[in-house]
Amino acid sequence: MVFTPLHDRVLVRRIEGDEKTAGGLIIPDSAKEKPAEGEIVSVGAGARDESGERIAMDVKAGDKILFGKWSGTEITLDGEELLIMKESDILGLM
């Protein structure tokens, strides 16, 4: 399925973190927090300013990003869990 977010939204696939601590202990799935980093799958065309001109997006598909812990809305597409979020929820590029 092809999915294109609208306006200034991006579709993000979470990047799973390490399953071990620095000391070598294995972290069970029940104790893991969802990662706050991901890879952009697709981006919208960008928001519009007051005059109707399109504001270019600062990110593109394939960029690795950091985002806030509570950012985005979880969705499932083709059996894969993804996030849709506004570009402003992105904290930075990696």
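Residue numbers run from 1 in the order of the sequence given.
Transitive grouping of hydrophobic side chains (ILVMFWY, heavy atoms separated by less than 4.5 Å) brings Leu93 and Leu83 into a common cluster. Using a 4.5 Å cut-off between side-chain heavy atoms of Ile, Leu, Val, Met, Phe, Trp and Tyr, with links allowed through other members, Leu66 and Ile90 fall into different hydrophobic clusters.
Taken to the nearest 0.5 Å, the CE atom of Met85 stands 5.0 Å off from the CD1 atom of Ile65. Here Met94 contributes atom CE and Glu37 contributes atom CD; the two are 4.0 Å apart, rounded to the nearest 0.5 Å. Distance check: Asp89 CG to Phe67 CZ gives 10.0 Å after rounding to the nearest 0.5 Å. Atom CG of Asp8 is separated from atom CZ of Arg48 by 12.0 Å, given to the nearest 0.5 angstrom. Note that the OG atom of Ser88 and the CZ atom of Arg9 stand 9.0 Å from one another [nearest 0.5 Å].
For the pair Thr76 (side chain) and Leu82 (backbone), a donor-acceptor distance under 3.5 Å is absent.
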I'd like a table of donor-acceptor pairs (distance under 3.5 Å, sequence neighbours excluded) in which one partner is a side-chain atom from residues 51-62, with atom names and distances.
residue	atom	partner	partner atom	Å
Ser51	OG	Asp49	OD1	2.9
Arg54	NH1	Gly46	O	2.7
Lys60	NZ	Asp63	OD1	3.0

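With sequence neighbours excluded, the residues forming a salt bridge (Lys or Arg N to Asp or Glu O under 4.0 Å) with Arg13 are Glu80, listed by chain and number.
When every heavy atom of Gly68 is checked against every heavy atom of Leu91, the shortest pair comes out as N-CD1, 3.7 Å.
In this structure, Val41 and Phe3 have side chains that are not in contact, with every pair of non-hydrogen atoms separated by 4.5 Å or more.
The one candidate from Val43, Val12, Leu11, Ile40 that meets the side chain to side chain contact (heavy atoms under 4.5 Å, CB included) condition with Pro5 is Leu11.
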